[in-house]
Amino acid sequence: MKKFFMLSNEEIKRSFKLYLSILTMLVIVELTSVVYQVLHYQSKLEDLMKKERLTEMEAVDQLNGPLTFGDATNYFKYMIAIGIMFTILYAFQIWYRDWYGESKYIYRLLMLPGKRITILLSKLTTVLVFVCGFMGIQWITILISRRLYEWLLPEHLQAASKIIGESAALNMLYTFNVIDTFVILALALFVITMVFLFVLTERSYQKGKALLTIAKDVALLIVPFIALRYLFDLTSMLIPNQQVFVYLSFILIYFIYISWKCVRLLNHKVSI
Amino acid sequence: MLEVRGLRKSYGRKKNVLNDVSFTVPLNQLTCLIGLNGEGKSTILKAIMGLVPVDAGTIKVDGKTIHDSIAFVPDLSTMPGYMSVGEAIAYMRDYYPDWNQQVAEELMGFFKLMATDRIANLSKGNKAKVNLLIGFAMNRPYLLLDEPLAGIDLFTKEQIAWIFSSHYMEGKGILMTTHEIAEVEHLIDRVIFLQNGTIIQEDDSEEMRELYGKSVQDRMREVYQT
Amino acid sequence: MLLHFDQRSPIYLQVLHWFKKRIVIGEFKRGESIPSRRALASELKIHPNTAQKVYKELEEQRLITTDRNVPSKVTMDQSIIDRARIELLENAVKQFVESIYAIQIPLEEVIINFEKEYNIRKRSELDA
């Protein structure tokens, strides 16, 4: 347990500066984009009113109605995509850095007293902590953006919308709901573990064999999934809720399989 | 006694990188693994530490499969570059229950290492010293040294070689790989010659001198040029 | 003190020989304490167990004595030192004769040249 905390602490320390600068960059872009959208809308409105000699009401109509908060936060989805991309990249980097970095820290890690699974868990924890941090900061950013939106835009131009507009994906991500948050974290855990499996497989076998093994593991996920879908489409044995349950059970079993495989590779197969 | 039995390893198409390698490393002796480049010397040390998987073979210390009685000193920088020497030492100390801080501090003095220097800024020789210091401070009976003097400037080499005649060697079973034998020839107790992943000769160096009037280098020439 | 080892003869014998020489010429005096094994090893840059082996051999030949918890001392017995002195002489002469014999030079000529060379050596030492 002590080893786990020490390793996690060190991993977080190692990447914290980089993490913080990426996060700051994303937040700045997001807030700027909100300000830009609001100001842009207003200037378009004024232009229309001046050039076409329209009343404000008519101009708003021409612009497809008032600026919703969803419109103002239009760029957020790209930022989130970038955040997800960085997370996946980081899941690769957190391992490869130790093999290919200036110092070959992997020697030390693999030789540490105690079980090697701790190394895996600490790296997993680190990525998840960063994901949580990212989500938390996004929540705060959205709240600030809401304030900015309300403050910059005259009240009669604001659309009466929920906190996030219409985008379903954003709603899911910016949820304040415990279950949704849990689902996002579970998804992140799954993806990160998958990336870890790729890295550890690549570090364990020669190129050709590694590619084959990875292809096999991916097929093990996709093929049954497609098969299940066909089965459910063809027959109507199960009601949708039951189908979801079958899918989830499958994913859970697959997740246990890849976790077990990661541990086994790290214990017996990886090579430096 | 550290016992290596029947190590075998192939890397994909490269068959028999190690081919049935068996030998022992007794305590209180310096055993040297000699081979031309690419004979699998390093691989043997890594295999002993479980850093590369093997196809077959066992490693035992006094008949038991134990891993916490061997310390490995690799020949490349292994501590994160952002740490200072002092931090690296403190960091390792926290992981190793038998850590001997006194040895770590003494060696830092002997090696003229500054606690505040960043690992990233150290020369190759000083990085080697940090590895060596960590290896000795782990306070384990067996030490594996991978090319401890390779690619290091003359003065640093002398500082490092100093440790071989110091009391830190007392009682320890040391296994060292090298392809430059000259600097350490007079310190070695036993020599194991490797070729194509197989042990082709094993000698007691003093016996070789006494009975045949041959130096380790003479023997090396004989072994590899026939 | 730096010993240049001949890599073709046993290191411990060379150190042993070096040590005996110090005793015979009185660099280590009768009854005096000698360096510890550790000090000897790091001074000559040899493995500590080689130093150990040398001290053990010196003890067996009773040139040094070791009591518990006290540094080893050179023997008080002059006759043992004398014996070592003769042994060194005999070894040196044996080597010398070997090399002279190999080039087949008559004893008389050897003696004349020997005395000449010996005196030159001695004078140069006095001058220095």
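The structure displayed is predicted, hence computed values, not measured ones. Chain letters run A, B, ... following the sequence lines, proteins first and then strands; every chain starts at 1.
Between the N131(B) side chain and the D75(B) main chain, no donor and acceptor come within less than 3.5 Å of each other.
When heavy atoms are compared at a cutoff of 4.5 Å, N28(B) approaches chain C by way of both its backbone and its side chain. Only the backbone of S9(C) comes within contact range of chain B, judged by heavy atoms closer than 4.5 Å.
Against chain C, the residues from residues 187-217 of chain B that qualify, each with a non-hydrogen atom under 4.5 angstrom away, are L187(B), D189(B), E206(B), R209(B), E210(B), G213(B), K214(B), S215(B) in number order.
Between E59(C) and K56(C), none of the side-chain N atoms (NZ, or NE/NH1/NH2) sits under 4.0 Å from a carboxylate O, so this pair counts as no salt bridge. Here D218(B) pairs with R221(B) in a salt bridge; the nearest charged N to carboxylate O distance falls below 4.0 Å.
Taking the salt bridge (Lys or Arg N to Asp or Glu O under 4.0 Å) definition, one finds that R38(C) meets it with E170(B), sequence neighbours left out. Judged as a side chain to side chain contact (heavy atoms under 4.5 Å, CB included), and not counting sequence neighbours, the contacts of D62(B) are M1(B), Y142(B). Evaluation of the ring pair (Phe, Tyr, Trp, His ring centres under 6.0 Å) rule for H47(C) yields no partner, not counting sequence neighbours.
Between F114(C) and Y118(C), the ring-plane angle classifies as parallel under the 30° and 60° cut-offs.
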